[in-house]
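One structure is given here, and the rest of the page talks about it.
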Amino acid sequence: MSMVATATSPPPSILSFIEIANSISQLHQAHAFMLKTGHFRNPFASSRLLTKATSLPISSPDTLSYALSIFTHTEEPNSYIYNTIIRAYSTSPFPQLALIIFLKLLNSVNKVFPDKYTFTFIVKACATMGNVKQGEQVHGLVTKIGLDEDIYVYNTLIHMYAKCGCFDVSRGMIDGLVEDDVIAWNALLSVYVERGLFEFARELFDEMPVRNVESLNFMVSGYVNVGLVDEARKVFDEMLVKDVVSWNVMITGYTKADKFDEVLGLFEDMLRAKVKPDNCTLVNVLSACAGVGSLSQGKWVHAFIERNGIEVHDFLATALVDVYCKCGCIEKALEVFNGTLRKDISTWNAMIAGLSNHGYLDDALNTFNELIADGIKPNEVTFVSVLSTCSQGGLLSEGRRMFDLMINEYRIQPTLVHYGCMVDLLGRFGLLEEAEELLSKLPVKEAPALWESLLSASRSHNDVKLAERIASKLLELDPHDSAGYVQLSNVLASMGRWGDVREVRRKMRSEGVTKEPGCSMIEVDGVVHEFLAGEGIIL
DNA sequence: GTAGGGTTAG
């Protein structure tokens, strides 16, 4: 008989409430109720709560720390509860915590023992950390307990060694198997592919005594990862069985290679093959539509999403907002944006950038303020749009305030692009000294584009001396940089130094530097047109 | 009473 005061079993209603919960606030409600009624002390009830907290559709560091608080408030957690929290941390950005909790388990007063589940999770944590020393120690313990007989634990170890770069150990374990196991082979193959070690992947693949769809999917993505999309396509076409991942890998490959026509063609093939597209497919197809500026196909995909009752949030919402923005339908973009409940920072970023790029500067900044008011943390991409909005609108004090907010409030290290916006903004107001001071914090070598920006500002403010100084600096840095030549000759031209202009142009030719033409695309009446620009511009 | 290995995304 148990001496511990066990709580009564929880009523089924609270358990089913937890089962259907899909937000942290619903779990808080269940949690509060359980604390009040004492059901939280029932191990099964608290484990249901914890499991749900670790598998919410929306997970963040917040949900994870909530899960941790459930764990820490559980008196004498059983092995299931330990395993659940260890699993949650094993693939999180903080896998070390999984290890800390694992040590706590080993030293637990109520003598909890690690089991085969514990080891799959903790080995995975070592893999995530890339910490082979820890991995080896855990492996030792696995062997001692005799759990290396378990194929799940065994395969996770194979993957861990591969992840840590110990390919020979990983391979040795595969060879040590009495019976061939395709997942064991795939565990090593996947790491070769992930690291772009395509030769190793190919060699291993040829040697594999067992293969499945996933093995071939890895090979296709292996070709894609090293930029050989056509080779990937050959493997893909020869596959007898294709699952949704096969199609997605190939489609993603074309998207990465900017081969948007192929993306759209493959998408049609996929539908003809009666394979159901998932979010990953649709995100890529939409991004191809955005890439070619095809509003009609974007709309078609949107209709497909609605027809099939696919929920739009996060990734998919971002892709839709983006495609409508890129195709110039800012109203449709807003409609999607406002109709989406689950937005992540990228969704906000796409909307802010879209508004800003279409000249709705106030709306862009208002949307940014809304985001802040909603308690969402902006990232560096957000600030690119925000600062560029300020720069476009000549909003000097706002721009300075945002730049300060980014650095001091959100602790985001500005990148060259952020500095670029500030230089541009300061330059427009003729605050060349302030801009130069800002730039001087950066190594010149890293920021030629910023100096170019300051150079054009100095030209438009007739600070010819500064302009000439920067132009020479740019050429010194990179004698093949066309922009440097263009700018320098423009400076000289504005001073009427035509002889020097000719000299620069001669030097440019002798270095073999040409000005690259710009290129842009637009859809008119359902046909995508491509334009080349840049010729005939005075040098 | 609940669980585990290798996989594509802006």
Side-chain angles (χ1 to χ4, degrees), chain A residues 9-10 12 15 18-19 42-52 54-55 78-88 90-91 115-124 127 147 150-160 162-163 170 173-174 181-194 208 210-222 224-225 232 243-253 255-256 277-288 290-291 313-323 343-350 353 379 381:
Chain A
S9 342
L15 293 182
I18 293 172
E19 263 356 283
N42 177 287
F44 184 69
S46 62
S47 71
R48 289 332 296 143
L49 189 68
L50 177 59
T51 301
K52 194 67 187 189
T54 59
S55 63
N78 60 25
S79 62
Y80 183 91
I81 291 177
Y82 269 110
N83 291 346
T84 306
I85 194 72
I86 291 173
R87 179 185 54 178
S90 68
T91 49
D115 56 18
K116 53 189 182 168
Y117 296 104
T118 321
F119 284 108
T120 53
F121 306 142
I122 202 65
V123 171
K124 199 169 191 174
L147 282 171
D150 186 275
I151 188 69
Y152 287 86
V153 175
Y154 197 88
N155 285 341
T156 326
L157 283 165
I158 291 175
H159 184 238
M160 182 276 294
K163 267 278 201 194
S170 178
M173 287 185 74
I174 294 173
D181 188 296
V182 68
I183 298 202
W185 289 94
N186 285 351
L188 177 55
L189 184 68
S190 71
V191 176
Y192 281 150
V193 164
E194 192 181 275
M208 282 166 63
V210 270
R211 294 173 192 146
N212 61 7
V213 199
E214 282 79 11
S215 321
L216 280 146
N217 289 347
F218 285 130
M219 291 309 287
V220 175
S221 69
V224 164
N225 284 351
D243 63 8
V244 66
V245 176
S246 322
W247 289 93
N248 287 348
V249 170
M250 198 61 240
I251 286 176
T252 308
T255 308
K256 277 189 206 150
D278 63 6
N279 277 17
C280 177
T281 325
L282 298 167
V283 165
N284 278 288
V285 171
L286 284 169
S287 122
H313 38 236
D314 304 341
F315 271 53
L316 201 49
T318 307
L320 277 171
V321 167
D322 192 48
V323 78
K343 301 189 265 264
D344 64 15
I345 185 62
S346 297
T347 320
W348 287 88
N349 288 347
N379 63 17
V381 179

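Convention: sequence-line order gives letters A, B, ...; per-chain numbering from 1.
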_Considering every strand and a 4.0 Å limit on heavy-atom distances, what is the contact class for A:Thr252: base, sugar-phosphate, or nothing?_
sugar-phosphate
Side-chain contact check for A:Glu214: nearest option of B:dT8, B:dG6, B:dA3 is B:dG6
Separation of B:dT7 atom P from A:Glu194 atom CD, nearest Å, is 7 Å
field: Side-chain (A:Asn186) to main-chain (A:Leu189) donor-acceptor, under 3.5 angstrom
entry: no
By the 4.0 Å heavy-atom rule, please label A:Thr156 as base, sugar-phosphate, or nothing.
sugar-phosphate
Practice task
Could you go through the side chain to side chain donor-acceptor pair (under 3.5 Å) check for A:Asp314 and A:Asn279 one step at a time?
Solution key: CA-CA 10 Å; A:Asp314 304 341; A:Asn279 277 17; over 6 Å; no
Here the distance between atom C1' of B:dG1 and atom CD1 of A:Ile18, to the nearest Å, is 14 Å
The nucleotide from B:dT8, B:dG4, B:dT2 with an atom nearest the side chain of A:Arg48 is B:dT2
**Message:** Taking A:Ala184's backbone N and O only, do any of them form a donor-acceptor pair with A:Tyr154's side chain (distance below 3.5 Å, no angle check)?
**Reply:** no
From the candidates B:dG6, B:dG4, B:dA3, the one with an atom nearest any side-chain atom of A:Phe218 is B:dG6
Looking only at B:dG1, B:dG10, B:dG6, the nucleotide nearest the A:Leu15 side chain is B:dG1
Open item on the list: Between A:Ser170 (side chain only) and A:Ile158 (backbone N and O only), is there a donor and an acceptor less than 3.5 Å apart?
Closed with: yes
**Prompt:** NA contact type, A:Asn284, heavy-atom cut-off 4.0 Å: base, sugar-phosphate, or nothing?
**Reply:** sugar-phosphate
Under 3.5 Å, is there a donor-acceptor pair between the side chain of A:Thr51 and the main chain of A:Arg48? no
Atom CG of A:Asn186 and atom C1' of B:dG6 are separated, to the nearest Å, by 5 Å
Side-chain (A:Asn225) to main-chain (A:Val193) donor-acceptor, under 3.5 angstrom = yes
(Q) Just N and O in the side chain of A:Arg87: are any of them under 4.0 Å from OP1 or OP2 of B:dA3? (A) no
- Pick base, sugar-phosphate or nothing for A:Asn225, based on heavy-atom distances below 4.0 Å to the nucleic acid. nothing
Mind checking if A:Asp181 touches a base, just sugar-phosphate, or nothing, with heavy atoms under 4.0 Å?
base
Side-chain atoms of A:Val245 come closest, of B:dG6, B:dT7, B:dA3, to B:dT7
To the nearest angstrom, the CG-P distance between A:Leu216 and B:dT8 comes to 16 Å
With the side chain defined as heavy atoms from C-beta on, A:Val153 is closest, among B:dG4, B:dG10, B:dG6, to B:dG4
**OP:** Say whether, by atom type as modelled, one donor and one acceptor occur between the side chain of A:Lys52 and the main chain of A:Glu19 under 3.5 angstrom.
**Re:** yes
If you look at every strand shown and take non-hydrogen atoms under 4.0 Å, does A:Asp344 touch a base, only sugar-phosphate, or nothing? base
Between CG of A:Asp150 and C1' of B:dA3 the distance, given in whole Å, is 12 Å
A:Ile251 CD1 to B:dG10 P, in whole Å, measures 13 Å
**Message:** Under 3.5 Å, is there any donor-acceptor pair linking the side chain of A:Ser190 to the base of B:dG6?
**Reply:** no
Counting only distance, no hydrogens or angles, is the base of B:dA3 paired donor-acceptor with the side chain of A:Asn83 under 3.5 Å?
-> yes
Exercise for review: Identify whether any heavy atom of A:Ile151 sits under 4.0 Å from a base atom; if not, whether one sits that close to sugar-phosphate; answer base, sugar-phosphate or nothing.
Suggested key: base
note: A:Phe44, atom CZ; B:dT2, atom C1'; distance rounded to Å ~ 5 Å
It should be established whether A:Lys163 places a side-chain nitrogen or oxygen under 4.0 Å from OP1 or OP2 of nucleotide B:dG6.
no
task = Report yes if the ring of A:Tyr117 lies under 5.5 Å from the six-membered base ring of B:dG4 with planes under 30°, and no otherwise.
result = no
Does A:Lys256 place a side-chain N or O at less than 4.0 Å from the phosphate oxygens OP1/OP2 of B:dT8? no
Between NZ of A:Lys116 and C1' of B:dA3 the distance, given in whole Å, is 10 Å
